[in-house]
Visitor: 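After the structure tokens below, expect a handful of questions from me.
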2 protein chains.
Amino acid sequence: MGVTKTEIFTEQQNRLAVLLKAIAHPARIAILQEIINSNACICGDLVSELGLAQATISQHLKELKNAGLIQGTIEGASVCYCINPDSWETLKNELDGFFKSYKGPTTCC
Amino acid sequence: MGVTKTEIFTEQQNRLAVLLKAIAHPARIAILQEIINSNACICGDLVSELGLAQATISQHLKELKNAGLIQGTIEGASVCYCINPDSWETLKNELDGFFKSYKGPTTCC
DNA sequence: CATTTATATCGCAATATTACGATTATTTTT
DNA sequence: AAAAATAATCGTAATATTGCGATATAAATG
């Protein structure tokens, strides 16, 4: 046991869960914010900005990249990470739909 | 180690991460969708709707409740769960702000 | 009041996540 | 080419999550 039963849920539910899980960590939220705010793409500056080891940051970046939320391009010895505009837009819209599907409180509770 | 270093992140980052983590599971997404779609609040119908054991559903409901996303009111022998309108709205806005802070692709990657 | 119904909680096994030191690979710099 | 800088990967320890059977709790029903 201990494994998420993905087979009993819809494609959409699983996909949304994977993307949200990728964001659902303070370090990865911080990384995304850094990438967004420094309008130039930052690389290993994250290691000095956030207080985490280089291996840890690299691992978080990998997860964000696996989820498709960011993309990295090699720039000499360092790597330049930035938001993947398409998946960012897709997730934004999907989440928007999800949150808007709730039409306010009902009478029961 | 293996413990998230919450102390090095901002309140906002930690709060958002906790809320997103609560949603970031297909079963909990399915539960939220069920609660939203059945405009009457459902109770243990979730157990028959989704293919998970009663103990598992109850645990997922607890997590959603702990995160403040849903609230349960006792209704006789059963419990009626529905969305917490305030936290739902708050999270929606916070996420909206987060996603909107990205102003499209830059020149670098 | 015994029985059924509806949920919650406990305890456990399987697995996933988080963090980091050490190492490796690659590119700059000297 | 050696040294330094940058980032990825490996291995590992600590902890968290997921799922469920078994059990507990509480209300409804007979």
Side-chain angles (χ1 to χ4, degrees), chain A residues 1-9 13-14 17-31 34-35 41-67 70-82 108-109, chain B residues 1-9 13-14 17-31 34-35 40-67 70-82 109:
Chain A
M1 326 288 162
V3 208
T4 302
K5 291 183 149 185
T6 44
E7 68 278 7
I8 69 172
F9 303 107
Q13 287 164 343
N14 286 318
V18 165
L19 286 171
L20 286 179
K21 197 187 275 184
I23 308 186
H25 191 286
R28 293 193 290 270
I29 291 176
I31 287 174
E34 269 294 308
I35 289 180
C41 307
I42 38 101
C43 331
D45 307 346
L46 290 162
V47 179
S48 31
E49 287 292 332
L50 319 181
L52 289 172
Q54 183 266 320
T56 309
I57 297 283
S58 190
Q59 200 174 280
H60 280 306
L61 285 169
K62 190 182 176 186
E63 281 180 68
L64 288 171
K65 204 166 56 177
N66 283 345
I70 63 174
Q71 56 200 192
T73 35
I74 297 166
E75 200 135 302
S78 46
V79 178
C80 163
Y81 283 104
C82 50
C108 46
C109 317
Chain B
M1 323 287 168
V3 209
T4 302
K5 290 182 148 184
T6 45
E7 68 278 6
I8 69 173
F9 304 107
Q13 287 164 341
N14 285 318
V18 165
L19 286 171
L20 287 178
K21 197 187 275 182
I23 308 187
H25 190 287
R28 293 194 289 271
I29 292 176
I31 287 173
E34 269 293 309
I35 289 180
C41 307
I42 40 97
C43 330
D45 307 344
L46 290 163
V47 179
S48 29
E49 287 291 333
L50 317 181
L52 289 172
Q54 184 267 320
T56 309
I57 297 285
S58 188
Q59 200 173 279
H60 281 304
L61 285 169
K62 189 182 175 186
E63 280 179 71
L64 288 170
K65 203 166 58 178
N66 283 345
I70 63 173
Q71 56 199 195
T73 36
I74 297 166
E75 200 134 299
S78 46
V79 178
C80 163
Y81 283 104
C82 50
C109 318

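Note that the structure is predicted; figures quoted are calculated from it, not measured. The chains referred to below are lettered A, B, ... by the order of the sequence lines, with proteins before strands, and numbering in each begins at 1.
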Visitor: If you go through the side-chain atoms of B:Gln59, does one of them form a donor-acceptor pair with the base of D:dC20 closer than 3.5 Å?
Guide: yes
Visitor: For B:Leu52, report the nucleic acid contact type (base, sugar-phosphate, nothing); a contact means any heavy atom under 4.0 Å.
Guide: sugar-phosphate
Visitor: Strictly below 4.0 Å: does B:Lys21 bring a side-chain N or O up to OP1 or OP2 of D:dA16?
Guide: no
Visitor: For a quick test of reading the model: is some side-chain N or O of A:Tyr81 closer than 4.0 Å to OP1 or OP2 of D:dT6?
Guide: no
Visitor: Between B:His25 and D:dG19, does any side-chain N or O lie under 4.0 Å from OP1 or OP2?
Guide: yes
Visitor: With a 4.0 Å cutoff (strictly under), does any side-chain N or O of A:His60 reach OP1 or OP2 of C:dT17?
Guide: no
Visitor: Give the ring-plane orientation class for B:His25 versus B:His60, where under 30° counts as parallel, over 60° as perpendicular and anything between as tilted.
Guide: tilted
Visitor: Look at all strands and tell whether B:Ile74 reaches a base, only sugar-phosphate, or nothing, counting heavy atoms closer than 4.0 Å.
Guide: nothing
Visitor: Can you tell me how far P of C:dA19 sits from CD of B:Glu7, to the nearest Å?
Guide: 10 Å
Visitor: D:dC20, OP1 or OP2 - any side-chain N/O from B:Thr56 closer than 4.0 Å?
Guide: yes
Visitor: Students often get this wrong, so: under 4.0 angstrom with heavy atoms, is A:Ala53 touching a base, only sugar-phosphate, or nothing?
Guide: sugar-phosphate
Visitor: Hey, does B:Glu63 reach any base, or is it just sugar-phosphate, or nothing, if we go heavy atoms under 4.0 Å?
Guide: sugar-phosphate
Visitor: Tell me: CD of B:Gln54 to P of D:dG21, nearest whole Å?
Guide: 11 Å
Visitor: Counting just side-chain N and O atoms, does A:Ser78 come under 4.0 Å of either OP1 or OP2 of D:dT6?
Guide: no
